[in-house]
Amino acid sequence: MKYNFQPRGVCSRMITLDVEDNKIKSCAFMGGCHGNLQGISSLVKGMDVDEAIAKLEGIDCAGRGTSCPDQLAKALKAIKNA
């Protein structure tokens, strides 16, 4: 199922996810550091949702208290709780 998540406190403006059977089928960021976010999207493709959350949650960017990877973890948690 496709999901859109609007991150807060980071440069990216939208995270689009396709999750099926607790696996990330696709992930794309709109805005932000394009090369880094392409890399993150590629790395999480095929990953178990819980594994991705465990690896990405709590990552900080420049003292903001969050980051694009942390926001991705928040998006995945929201999907799990939906």
Side-chain angles (χ1 to χ4, degrees):
M1 179 165 269
K2 293 230 180 211
Y3 300 91
N4 289 319
F5 180 82
Q6 188 169 9
R8 291 188 165 77
V10 296
C11 299
S12 61
R13 297 180 306 276
M14 184 68 65
I15 303 171
T16 302
L17 293 156
D18 188 4
V19 175
E20 187 177 311
D21 298 326
N22 210 48
K23 297 279 184 201
I24 301 167
K25 298 296 179 186
S26 68
C27 173
F29 289 81
M30 176 187 228
C33 304
H34 186 66
N36 289 333
L37 297 175
Q38 274 187 295
I40 291 168
S41 296
S42 180
L43 289 170
V44 299
K45 186 176 178 182
M47 189 179 282
D48 180 83
V49 167
D50 297 309
E51 181 183 1
I53 291 169
K55 289 183 179 210
L56 302 173
E57 187 173 39
I59 293 175
D60 181 69
C61 179
R64 295 177 183 187
T66 191
S67 64
C68 291
D70 182 59
Q71 289 294 302
L72 175 54
K74 290 182 185 328
L76 292 168
K77 281 183 153 184
I79 289 168
K80 283 186 59 112
N81 293 328

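Computed from heavy atoms alone, side chains included, the values below leave out hydrogens, waters and symmetry copies.
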Enter the distance from Lys2:NZ to Glu20:CD here, rounded to the nearest 0.5 Å.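 That separation rounds to 11.0 Å.
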Side chain to side chain contact (heavy atoms under 4.5 Å, CB included) between Leu17 and Leu76, worked out: CA-CA 9 Å; Leu17 293 156; Leu76 292 168; 4.0 Å; yes
Is it the case that over 12 heavy atoms from other parts of the model lie below 6.0 angstrom from the [atom1] atom of [X]?
X	atom1	value
Lys45	NZ	no
Met14	CE	yes
Glu51	CD	yes

Out of curiosity, does [Y] fall in the hydrophobic cluster containing [X] (side-chain heavy atoms, cut-off under 4.5 Å, transitive links)?
X	Y	answer
Ile59	Val44	yes
Leu72	Ile79	yes
Val10	Ile40	no
Tyr3	Phe5	yes

Is the backbone N or O of [Y] less than 3.5 Å from a side-chain atom of [X], with the two atoms forming a donor-acceptor pair by type?
X	Y	answer
Ser41	Leu37	yes
Asn4	Thr16	no
Ser12	Phe29	no
Asn22	Asp48	no
Asp18	Ser26	no
Gln71	Arg8	yes

Candidate pair Lys23 and Val49, rule side chain to side chain contact (heavy atoms under 4.5 Å, CB included), full reasoning: CA-CA 6 Å; Lys23 297 279 184 201; Val49 167; over 6 Å; no
Tell me whether Asp60 is salt-bridged to Arg64, with the criterion being a basic N under 4.0 Å from an acidic carboxylate O.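 No.
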Ionic contact status for Glu57 with Lys77, cut-off 4.0 Å: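 Judged by the 4.0 Å cut-off on N to carboxylate O distance, Lys77 and Glu57 do form a salt bridge.
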Would Ile53 and Lys80 count as a side chain to side chain contact (heavy atoms under 4.5 Å, CB included) here? Give the steps. CA-CA 11 Å; Ile53 291 169; Lys80 283 186 59 112; 3.9 Å; yes
